[in-house]
2 protein chains.
Amino acid sequence: MAPSSSTFLNGVPELLVLRLLRDREMYGYELVQAIREASGDQLTFAEGVIYPLLHQLERDGALATRRQTINGRSRVYYSVTPAGNQRFDGLSAHWRSLTATIATVLEAPRHA
Amino acid sequence: MAPSSSTFLNGVPELLVLRLLRDREMYGYELVQAIREASGDQLTFAEGVIYPLLHQLERDGALATRRQTINGRSRVYYSVTPAGNQRFDGLSAHWRSLTATIATVLEAPRHA
DNA sequence: TGACATACCTATCGTCGCAAGGCATAGGCC
DNA sequence: GGCCTATGCCTTGCGACGATAGGTATGTCA
């Protein structure tokens, strides 16, 4: 059983979405590519991951939406609410703490 | 919806189990506590996580087992096979790569 | 016309950590 | 003896979530 492509990615889409939307509002389709580009093509989360996540975060009050039609195509822009900012702060603190702890274990000398 | 306690932990039990067993063979019950101690009580994976994982890794040929009875209690000691070492190398490289990428995105300046 | 990018959405599946149990022996305490 | 805790193994069922694979519609360009 080879490790799946999603190993270690639990929670990462939400972390990145909140991080990127904190800089500027974006719409879903744009976010999918923004994540890919921001990660140097190392991370790709398809629309089937991003759209449900956006809906969920909106329901939770972490994101606010604004609808706009451009060139005959309708876009849904998402921006981070104060609650969303708090959520991101908590998530990123958690992420930093965990990765630091794991790094310590990985690098620990024998019998530590 | 508050983030669950398992956020960011996908694949981590396997990574840590292989890392700790690389130092010395251990049995399941011992591993559960070793992970907790090695992480300074920051990470706890209960037996319901560790035992199935050990069985899986053994089936995959990543771990070898040795049975021993001590003080009337039977223990199953696990050690890492060459295939398990390879697997760990791949996993930890993947982990380092991903965390580095994510850290970059998190710390990126606006409009990066 | 046909192909492709844009832009939204959903349903279903598989994996995996988690909670909650069960079973058995050893040892300490009252 | 009766009871609780620690030790040591195990399994079942649930829920969350990333992955896959679709579906719909408009604009652009060859």
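Chain letters run A, B, ... following the sequence lines, proteins first and then strands; every chain starts at 1. Values reported hereafter were calculated over all heavy atoms of this structure, with side chains retained and with hydrogens, waters and symmetry mates removed.
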For nucleotides 11-20 of chain C, print each protein N/O atom paired with a nucleotide N/O atom at under 3.5 Å, atom names and distance only.
{"residue": "dG17(C)", "atom": "OP1", "partner": "G11(B)", "partner atom": "N", "Å": "3.1"}

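Under the 4.5 Å side-chain criterion, counting only non-hydrogen atoms from C-beta, F88(A) is not in contact with L21(A).
Residue T104(A) holds its OG1 atom at 8.5 Å from CD of Q42(B), rounded to the nearest 0.5 Å.
Among pairs with a residue in residues 48-65 of chain A, none fulfils salt bridge (Lys or Arg N to Asp or Glu O under 4.0 Å), at least two apart in sequence or across chains. Within the structure, every pair that satisfies the salt bridge (Lys or Arg N to Asp or Glu O under 4.0 Å) test and touches residues 25-35 of chain A, not counting sequence neighbours, is listed here: R24(A)-E30(A), E25(A)-R66(A). Applying the salt bridge (Lys or Arg N to Asp or Glu O under 4.0 Å) test to pairs two or more places apart or on separate chains, those with a residue in residues 73-97 of chain A are E14(A)-R87(A).
By the side chain to side chain contact (heavy atoms under 4.5 Å, CB included) test, V105(A) is found to be paired with L16(B), L20(B), A38(B), S39(B), residues two or more places apart in sequence or in another chain being considered. H94(A) pairs by the ring pair (Phe, Tyr, Trp, His ring centres under 6.0 Å) definition with F8(B), not counting sequence neighbours. Applying the side-chain hydrogen bond (donor to acceptor under 3.5 Å, both in side chains) test to S4(A) and every residue at least two apart in sequence or in another chain returns S6(A). Scored by the side-chain hydrogen bond (donor to acceptor under 3.5 Å, both in side chains) test, T44(A) finds no partners at all (sequence neighbours excluded). Scanning for ring pair (Phe, Tyr, Trp, His ring centres under 6.0 Å) contacts around Y77(A) gives Y27(A), with sequence neighbours left out. S74(A) is linked by a side-chain hydrogen bond (donor to acceptor under 3.5 Å, both in side chains) to nothing, counting only residues two or more places apart in sequence or in another chain.
Atom CD of Q33(A) and atom C1' of dT6(C) are 9 Å apart (whole Å). When rounded to the nearest whole Å, the span between OH of Y27(B) and C1' of dT25(C) equals 14 Å. When rounded to the nearest whole Å, the span between CD of Q68(B) and C1' of dT25(C) equals 17 Å. Residue I70(B) contributes atom CD1, which lies 14 Å from atom C1' of dA26(C) at whole-angstrom precision. Atoms OH (Y29(A)) and P (dA5(C)) sit 8 Å apart, rounded to a whole Å. If you take OH of Y51(B) and C1' of dA24(C), they are 13 Å apart, rounded to a whole angstrom.
Taking the 5' to 3' direction, DNA chain D first and last meets chain B under 4.0 angstrom from a heavy atom at dT7(D) to dC17(D).
Using a 4.0 Å cut-off, no side-chain N or O of H55(A) falls inside it from OP1 or OP2 of dC8(C).
Residues of residues 71-81 of chain A having a heavy atom closer than 4.0 Å to DNA chain C, listed by number: R73(A), S74(A), R75(A), V76(A).
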